[in-house]
Amino acid sequence: MAPPRKDTEALTLRLSRDLIQAIDDRRRAEPDLPTRPEMIRRALVQWLEMTSEDTIRPGS
């Protein structure tokens with residue numbers, strides 16, 4: 001696994017087991033089976049795109 005990018009910051013998050021299960025179910029629907037952290041990143045980016053005009057995209 002590659003080391004984290006230098007312009008990132010770790011975030012610890014507690015989620016209910018039901019929410020984790022929902023994330024895992026959604027991950028399995030993706031063609032590339034992302035990790036849990038990657039699925040959460042994708043969900044956050046999608047939410048930001050849906051709710052804001054000036055979206056910060058990963059890597060921008």
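Hydrogens, waters and symmetry mates are skipped; everything else that's a heavy atom, side chains included, is used.
Between Ile23 atom CD1 and Asp18 atom CG the span is 11.0 Å, to the nearest 0.5 Å. Here Arg41 contributes atom CZ and Thr8 contributes atom OG1; the two are 8.5 Å apart, rounded to the nearest 0.5 Å. How far OG1 of Thr51 is from CD of Gln46: 10.5 Å, rounded to the nearest 0.5 Å.
If you chain together hydrophobic residues whose side chains sit under 4.5 Å apart, Leu19 and Ile40 fall into the same group. Note: the hydrophobic cluster containing Leu44 also contains Ile20 (ILVMFWY, side chain heavy atoms under 4.5 Å, direct or indirect links). Under a hydrophobic clustering in which Ile, Leu, Val, Met, Phe, Trp and Tyr are joined whenever their side-chain heavy atoms come within less than 4.5 Å, directly or via other members, Leu11 and Met39 fall into different clusters.
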Do any side-chain atoms of residues 28-37 form donor-acceptor pairs under 3.5 angstrom with protein atoms, and if so which ones, sequence neighbours left out?
| from | atom 1 | to | atom 2 | distance (Å) |
| --- | --- | --- | --- | --- |
| Arg28 | NH2 | Asp25 | OD1 | 2.8 |
| Glu30 | OE1 | Arg42 | NH1 | 3.2 |
| Glu30 | OE2 | Arg26 | NH1 | 2.7 |
| Glu30 | OE2 | Arg26 | NH2 | 3.0 |
| Asp32 | OD1 | Arg42 | NH1 | 3.2 |
| Asp32 | OD2 | Arg42 | NH2 | 2.6 |
| Thr35 | OG1 | Glu38 | N | 3.1 |
| Arg36 | NE | Asp24 | OD1 | 2.8 |
| Arg36 | NE | Asp24 | OD2 | 3.4 |
| Arg36 | NH2 | Asp24 | OD2 | 2.7 |

